[in-house]
Peer 1: 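Handing you a structure now.
Fair warning: this is a prediction, and the values are worked out from it, not measured in the lab. By convention in this document, chain letters (A, B, ...) are assigned in the order of the sequence lines, proteins followed by strands, and residues within each chain are numbered from 1.
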There are 2 protein chains.
Amino acid sequence: MTQQRGSGATPTISQVAAAAGVSKSTVSRAFSRPEMITAETVAHVMDVATRLGYVPNHTARALSTGRAGTVAIVVPDIANPFFPPLIRGAQAAADQAGFSLLLGDSDEDPTREDVLVGKFGPQTDGIVLASSRMTEEQIRAHAERRPLVLINRDVPGLPRVLIDTATGIAAAVEHLAGLGHRHLVYVSGPTSSWSNAERRRAVRAAGRRLGLKVSAVAARRSTYDAGVQRVDDILGSGASAVIAFDDLLAQGILAGLAARGVGVPDQFSVIGCDDVLAATMSPPLTTVSAHGGHAGRKAVDLLVSFLDGNEGDERRVLDTSLVLRSTTAPPAVRRN
Amino acid sequence: MTQQRGSGATPTISQVAAAAGVSKSTVSRAFSRPEMITAETVAHVMDVATRLGYVPNHTARALSTGRAGTVAIVVPDIANPFFPPLIRGAQAAADQAGFSLLLGDSDEDPTREDVLVGKFGPQTDGIVLASSRMTEEQIRAHAERRPLVLINRDVPGLPRVLIDTATGIAAAVEHLAGLGHRHLVYVSGPTSSWSNAERRRAVRAAGRRLGLKVSAVAARRSTYDAGVQRVDDILGSGASAVIAFDDLLAQGILAGLAARGVGVPDQFSVIGCDDVLAATMSPPLTTVSAHGGHAGRKAVDLLVSFLDGNEGDERRVLDTSLVLRSTTAPPAVRRN
DNA sequence: GTGAAAGCGCTAACAT
DNA sequence: ATGTTAGCGCTTTCAC
C-alpha cells in the first residue's frame with residue numbers, strides 16, 4: 001500500500017525487469033554488483049531503468065540486507081557555529097560512503113539527547129555523537145546496541161575523535177606570557193562539556209608552569225550575550241588578558257569590552273577557541289583552530305570502517321594550533 | 001541477515017508472538033493500535049516484549065506501510081549562517097510530528113542537489129527544498145514523484161514558504177532616503193537565488209519610486225571574503241550607502257570599509273539582510289529580519305499537513321521588517 | 001552470466 | 001477481539 005501523491009508511482013524492480021526482458025535478480029545485480037553480469041546487460045538494464053525513472057528503494061534494500069544505509073549525527077545545538085562545519089564534514093563523508101545522514105538536535109538537553117539516540121538506533125547503522133552531554137553510562141548503554149562514534153568525548157573503549165585543543169590553549173597561554181601578561185582569566189563554557197574541562201585544565205596547567213595567575217569566570221552557556229555579560233567579572237578579576245571557551249563567547253567579550261571603552265588589544269588581550277568566527281571579527285580574533293569539519297568527516301569514516309568490521313576502540317586525536325590575529329598585545333597599565 | 005554488532009540480536013515480532021502465545025498481528029496491534037485489543041492482552045504482550053528487549057523494526061514497518069517516517073531537507077550550504085536556524089526549526093517540527101530528519105547539503109551545486117533529492121525521494125515521505133538552485137523543470141519533476149515543499153522559491157502550484165524580504169528591503173531604502181542618501185548600491189548574491197532576484201528587484205523599485213540612483217555590484221558568492229573584495233567597487237560607484245544581499249556579505253563589506261579607513265556609519269551607511277549575524281557585529285548591523293527558523297518549521301508543518309491529505313499548493317509568505325541598529329546615518333561628504 | 005524462489009520484519013485486509 | 005494470509009521491494013542462495 002505504497003501511498004503516493006503527486007502523479008506516477010515510482011517503478012519497482014519487477015517493472016524494470018519486465019520492461020527489460022530480464023529477471024529481478026539481474027536488475028538488482030545491475031545496480032549492486034554490476035561486475036557480476038555482462039557489461040551489455042548492465043547497460044541495457046540501466047537504459048531501461050533510467051527511461052522508466054527507476055530508483056532503487058532504499059527501505060526495501062535495508063530490510064533485505066539488514067543495513068539501513070543511514071547514519072545519524074546528534075549535536076547539542078545546530079545553531080552554534082561550531083557545529084555546522086562539523087555536520088557538513090559528516091554529511092560529505094556519509095554521502096561519499098553511500099550513506100544518508102540523519103540529523104538530531106538535542107538542544108543541549110541530555111534527556112532529549114538520550115531519547116533521540118534511542119529513536120535513531122533501530123533505523124540507522126550507526127550514530128555519531130558530538131559533544132555529548134549524556135553520562136558515560138548512558139553512552140555505553142547505547143553503544144551496546146548500536147555502533148557509536150564520539151566526537152569530543154573521551155570514553156575508553158569506544159571509538160572517538162578528539163579535538164586536542166589543550167595543546168593550542170597551552171600555546172595561547174605561552175603567547176600571552178611571552179607578551180608579558182602575568183594574570184589571565186579563563187571564561188568557561190558548558191559545564192558538562194568535555195572540551196570545556198579540557199580547556200580549563202590546559203589553561204590552569206600552562207599558567208602554573210609559567211608562573212601566571214589564572215582566574216576563572218563561568219559563562220555556562222556559549223553565546224554572544226553570555227560573553228558580553230561576563231565582561232564586568234572579567235575586568236573585575238584584575239587580569240590583563242582573557243581566554244574564552246570559544247569564539248562565540250570571545251565575540252561577546254570583544255563587544256562588551258568595546259562598549260566599556262576598553263581597547264583591544266592595547267588595553268586588554270583576548271583569545272578565543274575553535275576558529276569559527278574569528279576571521280570575520282573586528283579586530284580579527286586570535287584563536288585556537290579546531291577544524292570541526294575534519295572531526296565530522298573523521299567520525300563518519302571511523303563509523304563506516306567500524307561497520308566494515310574494523311577496530312572498535314580507536315582514539316583519534318586532531319591537532320590544533322594557535323592562530324595569531326589582532327587581539328593580543330603586551331599588557332598596558334589599566335586606566336580606571 | 002540482520003548484521004548486528006554490540007550485543008544480542010534484536011528479537012522479531014514473531015518471537016514475541018510465540019513467547020506470548022499470540023499471533024504476530026496481535027503483537028503488531030499491541031504496538032500500533034492498542035485500542036483494538038483487550039487491555040489485558042496489550043499488557044501481557046508488552047510485558048513479554050520488554051522482557052525480550054523487543055523494539056519494532058522501523059525499516060520493516062516503513063516497507064510495509066509505505067510511510068518512511070522520515071522527511072528530508074536539502075540546503076545549498078549548511079555552513080552559511082542563514083541555514084542552521086532554518087534547519088533547526090525544521091528538525092524541531094519534524095521531531096514533533098514524529099518524523100526523523102534527513103539532511104542534505106548540495107554545496108550550492110544544482111547537479112548535486114538534483115542527485116541528492118532523487119536519492120532521498122524513495123526513502124522519505126517528503127522533502128523540503130531550501131533556496132533551491134535547480135530549474136523549475138527539475139523541481140517540478142521531483143514534485144511529481146514526492147511531496148515537496150519549497151523555501152524561498154516561488155513555483156506556482158507547489159507548496160512553498162517565502163520569506164518576503166522585499167518589503168523589508170523597501171523599508172531599508174526608504175530609511176536611507178529619509179536619511180538624505182541620494183545614491184545607493186546593491187551588492188547581489190548568488191545568481192540563481194530567488195531571494196537575490198527579489199531583493200535586487202525591491203531595491204530597484206523602491207529606488208525608482210523615491211528618485212534615488214541605484215548602482216549594482218555583483219558579489220556572486222555569499223561570503224565574508226566576497227564582501228571585503230567588493231569594497232573598492234562599492235566605493236567606486238560613488239554611492240553613499242550600500243544594501244547587501246545578506247549579513248555575511250555586509251560583514252565583509254564592513255571589514256573592508258574599516259580597513260580603508262571609511263567610518264561606518266559616519267562616512268558610509270550599510271544595511272544587511274537576514275539578521276543572522278547582525279546583532280553580533282560591531283558596530284551592530286542595521287538589517288532586514290528574516291526568521292529562518294520560522295520558515296524551516298513552517299515548511300515541515302506544510303509538508304506534514306500535505307501528507308495528511310490537505311492542500312498541495314499553499315503559498316505561505318513570511319513577513320520581514322527593517323531592524324535599525326548602528327550602521328546607518330545621514331550621508332557625509334566623501335573625503336578622498 | 002542469469003533466473004527462480006525464499007525470505008527480511010512488519011502491516012493490513014479478510015476471515016473467524 | 002484475535003488469527004490467517006498475503007504481500008511491501010529488494011537481495012541472495014541455489015540451480016541452470
Peer 1: Between Arg88(A) and Asp105(B), is there a salt bridge with N-O shorter than 4.0 Å?
Peer 2: yes
Peer 1: What's Val22(A) touching, base or sugar-phosphate or nothing? Going by heavy atoms closer than 4.0 Å.
Peer 2: sugar-phosphate
Peer 1: Quick one: does Thr65(B) reach the base of dA12(C) with a side-chain donor-acceptor pair under 3.5 Å?
Peer 2: no
Peer 1: Which sits closer to the 5' end of DNA chain C, Arg29(B) or His58(B), going by the nucleotide each is nearest to?
Peer 2: His58(B)
Peer 1: Can you measure Arg67(B) atom CZ to dG9(D) atom P for me and round it to whole angstrom units?
Peer 2: 16 Å
Peer 1: State, with a plain yes or no, whether a side-chain heavy atom of Lys298(B) is found less than 4.5 Å away from one of Ile151(B).
Peer 2: no
Peer 1: Have a look at Arg140(A) and tell me which of Glu137(A), Glu144(A), His142(A), Glu136(A) forms a side chain to side chain donor-acceptor pair (under 3.5 Å) with it.
Peer 2: Glu136(A)
Peer 1: Look at the side-chain N and O atoms of Thr12(B) and state whether any lies under 4.0 Å from the OP1 or OP2 oxygen of dG9(C).
Peer 2: no
Peer 1: Any side-chain heavy atom of Met46(A) sitting closer than 4.5 Å to one from Tyr54(A)?
Peer 2: no
Peer 1: Val71(A) and side-chain contact (heavy atoms from CB on, under 4.5 Å): which single residue from Leu102(A), Leu303(A), Ile127(A) fits?
Peer 2: Leu303(A)
Peer 1: Mind calculating the distance between CG (Leu63(B)) and P (dT11(C)) to the nearest angstrom?
Peer 2: 11 Å
Peer 1: May I ask you to decide if Ser305(A)'s main-chain N or O and Asn310(A)'s side chain share a donor-acceptor pair within less than 3.5 Å?
Peer 2: yes
Peer 1: For Met36(A) and dC16(D), give me the distance from atom CE to atom C1', rounded to whole Å.
Peer 2: 14 Å
Peer 1: Specify the separation, in whole Å, of atom CZ of Phe31(A) and atom P of dT12(D).
Peer 2: 15 Å
Peer 1: Looking at DNA chain C, which of residues 37-55 of chain A put a heavy atom within less than 4.0 Å of it?
Peer 2: Ile37(A), Thr38(A), Thr41(A)
Peer 1: Write down the distance between CZ (Arg33(B)) and P (dC10(C)), rounded to a whole number of angstrom.
Peer 2: 16 Å
Peer 1: dT11(D) phosphate, OP1 or OP2: any side-chain N/O from Ser32(A) under 4.0 angstrom?
Peer 2: yes
Peer 1: For a quick test of reading the model: is some side-chain N or O of Ser28(B) closer than 4.0 Å to OP1 or OP2 of dT11(C)?
Peer 2: yes
Peer 1: Round to a whole Å and report the spacing from CZ of Arg61(B) to P of dG7(D).
Peer 2: 22 Å
Peer 1: Measuring from the side chain of Lys24(B) (C-beta onward, heavy atoms only), which nucleotide among dG3(C), dT11(C), dG3(D) has the closest atom?
Peer 2: dT11(C)
Peer 1: Hey, is the main chain of Arg61(B) close enough, under 3.5 Å, to the side chain of Thr65(B) for a donor-acceptor pair?
Peer 2: yes
Peer 1: Counting distance alone, no hydrogens or angles: does the base of dG7(D) have a donor or acceptor under 3.5 Å from a partner atom on the side chain of Ser64(B)?
Peer 2: yes
Peer 1: From the list dC8(D), dT2(D), dC10(D), which nucleotide is the closest neighbour of the side chain of Ile13(A)?
Peer 2: dC10(D)
Peer 1: Would you indicate which nucleotide in dT4(D), dA12(C), dG3(C) comes nearest to any side-chain atom of Ser25(A)?
Peer 2: dG3(C)
